Asker: 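Quick one: the structure is below, questions incoming.
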Protein chains: 2
Amino acid sequence: MNEGVEWAMHSCVNLSWLPGQAVTAKHLAAFYDLPTAYLNKQLQALSRAGILSSTSGPKGGFQLARDARKISLLDIVVAIDGADDAFRCTEILKAGPAANPKTDYVKTCHISRAMRAAELTYRRELAGQSIADIAEQVLTEFPAAPQNTRTHLANLKS
Amino acid sequence: MNEGVEWAMHSCVNLSWLPGQAVTAKHLAAFYDLPTAYLNKQLQALSRAGILSSTSGPKGGFQLARDARKISLLDIVVAIDGADDAFRCTEILKAGPAANPKTDYVKTCHISRAMRAAELTYRRELAGQSIADIAEQVLTEFPAAPQNTRTHLANLKS
DNA sequence: GTTAATCTACTCGGATAGCCAGTGTCCGAGTAAGGGCGG
DNA sequence: CCGCCCTTACTCGGACACTGGCTATCCGAGTAGATTAAC
């Protein structure tokens, strides 16, 4: 899986603590000492997917495009890594001895079915977790986290 | 995900219908018109993982190393694709503002937790499906499948 | 006829190239703030 | 003093190299059977 998925998720959690405020890729990268340009690339992908909204120019940056409760971890994975399943059925049965050219083996092959069922549970699990859920878990463990990120961001501005 | 996973699973199902018989990589590849040498590479991986047993020389080949009910789809995925999770936590929190160097963020970071939980359901689903289960599903739909594969293999020998 | 040694052909096994997606970086188009100028 | 315009600096956005792993292939080590020759 793409490295940027992790960065994107952490960045989204940070952004959830700065509602209505545009944060530049440079500042978001400074949080975890990430390469600015490459993180920017990932944030662009989130922007194209409608998860973030971007603003150009001075005072510009990224912010969450919708409520953090409406942004699931699956949304981020799909935005960064693409919507394709990890297991890709190439329908090798079509070249088999008793093959029917009209059959859609992606749906009928039992191996393809089993793999797709497993990935479905995976995606369902990720779809059930939102950025707000993660943020709330962190908040429970570290109540000062939001304020810490805000002050840290303010210090970066200097 | 590695292409060979699909080939390996289909080959294992075929082998489950030829118990106690060594089938060469060449013949297994002929089933679905696959590149022989590359399929051989995947079968080697299954052999190293203890899923298949290999025999060299004339009358040699591959066969299931244990009962098909004891071979899960997860076993095959791990053998071909490796045991690493798709999502790899790089502990970027260690470079964060309020980081504790002694903390194992792979286990404490809530994002890492959520991703690992999702993958766990995925692996659990795959671990619950065996080659024998798949073979039985195919058998229910196509009762003649085992005999067809045997005759097809016999024709290849000529 | 029986047996044992040799030979042969066939198999797996690992070592060797080629290619594509992910990784990393850079510079240009667009924009909004800030300053200067005129009224 | 107020408002408009221009400059400027800063941001995102996409275009350009580089790398590691997957894909694909080949030839060598090892083995079991077949052949042959001797007893």
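So you know, we letter chains A, B, ... as the sequences are listed, proteins then strands, and number each from 1. In this text, all values refer to a predicted model and were calculated from it rather than measured experimentally.
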Asker: Whole-Å distance between D:dG13 C1' and A:Leu52 CG?
Answerer: 14 Å
Asker: Evaluate the criterion side-chain hydrogen bond (donor to acceptor under 3.5 Å, both in side chains) for residue pair B:Ser11 and B:Asn14; output intermediate values, then yes/no.
Answerer: CA-CA 5 Å; B:Ser11 295; B:Asn14 278 338; 5.7 Å; no
Asker: Could you tell me whether A:Gly61 contacts a base, only the sugar-phosphate backbone, or nothing, with contacts defined as non-hydrogen atoms closer than 4.0 Å?
Answerer: sugar-phosphate
Asker: Please tell me if B:Asn2 has a side-chain N or O lying less than 4.0 Å from either OP1 or OP2 of D:dT23.
Answerer: yes
Asker: Looking at DNA chain C, which of residues 28-36 of chain A put a heavy atom within less than 4.0 Å of it?
Answerer: A:Pro35
Asker: Do B:Thr90 and A:Glu6 have side-chain N/O donor and acceptor atoms under 3.5 Å apart?
Answerer: yes
Asker: Nearest whole angstrom, please: distance from the C1' of C:dG24 to the CD of A:Gln42.
Answerer: 10 Å
Asker: If you look only at pairs with a residue in residues 29-79 of chain A, which of them pass as a ring pair (Phe, Tyr, Trp, His ring centres under 6.0 Å), with sequence neighbours excluded?
Answerer: A:Trp7-A:Tyr38, A:His10-A:Tyr32, A:Phe31-A:His152
Asker: What's B:Lys41 touching, base or sugar-phosphate or nothing? Going by heavy atoms closer than 4.0 Å.
Answerer: base
Asker: Less than 4.0 angstrom between a side-chain N/O of B:Thr55 and OP1 or OP2 of D:dA32, yes or no?
Answerer: no
Asker: According to a strict under-4.0 Å criterion, is B:Arg48 in side-chain N/O contact with OP1 or OP2 of C:dG14?
Answerer: yes
Asker: Counting side-chain heavy atoms from C-beta on, which of D:dC12, D:dA24, C:dG22 comes nearest to B:Tyr38?
Answerer: D:dA24
Asker: Rounded to the Å, how far apart are A:Leu43 CG and C:dG24 P?
Answerer: 15 Å
Asker: When you measure from the side-chain N and O atoms of A:Ser54 to the phosphate of D:dG13, is any distance below 4.0 Å, counting only OP1 and OP2?
Answerer: yes
Asker: Between P on D:dG13 and CG on A:Leu39, what's the gap in Å once rounded to a whole number?
Answerer: 13 Å
Asker: Atom NE2 of A:His27 and atom P of D:dT11: how far apart are they, to the nearest Å?
Answerer: 7 Å
Asker: Between C:dC12 atom C1' and B:Leu46 atom CG, what is the distance in whole Å?
Answerer: 14 Å
Asker: Would you call B:Asp85 and B:Arg123 a salt bridge, using N to O less than 4.0 angstrom?
Answerer: yes
Asker: Measure from the side chain of B:Ser56, starting at C-beta and using heavy atoms only, and say which of D:dC12, C:dC12, D:dA32 lies closest.
Answerer: C:dC12
Asker: Taking B:Val13 as the starting point, is it possible to reach B:Phe142 by hopping between hydrophobic residues whose side chains are less than 4.5 Å apart?
Answerer: yes
Asker: Measure the distance from NZ on B:Lys26 to P on C:dC10 and round it to the nearest whole Å.
Answerer: 8 Å
Asker: Taking salt bridge (Lys or Arg N to Asp or Glu O under 4.0 Å) as the definition, give me every residue that meets it alongside B:Arg66, ordered by chain and number, with sequence neighbours left out.
Answerer: B:Asp75
Asker: Would you indicate whether B:Gln44, at its atom CD, is surrounded by more than 12 heavy atoms from other residues, nucleotides or ligands within a distance under 6.0 Å?
Answerer: yes
Asker: Quick one: B:Gln44 CD to C:dT11 P, roughly how many Å, whole number?
Answerer: 15 Å
Asker: Is it true that, when you exclude A:Arg150 itself, more than 12 heavy atoms of the residues, nucleotides or ligands shown sit nearer than 6.0 Å to its CZ?
Answerer: yes
Asker: A:Glu3 or A:Asn40: which one's nearest nucleotide on DNA chain C is closer to the 5' end?
Answerer: A:Glu3
Asker: Which nucleotide wins on minimum distance to the side chain of B:Ala37, given the candidates C:dG13, D:dC26, C:dG24?
Answerer: D:dC26
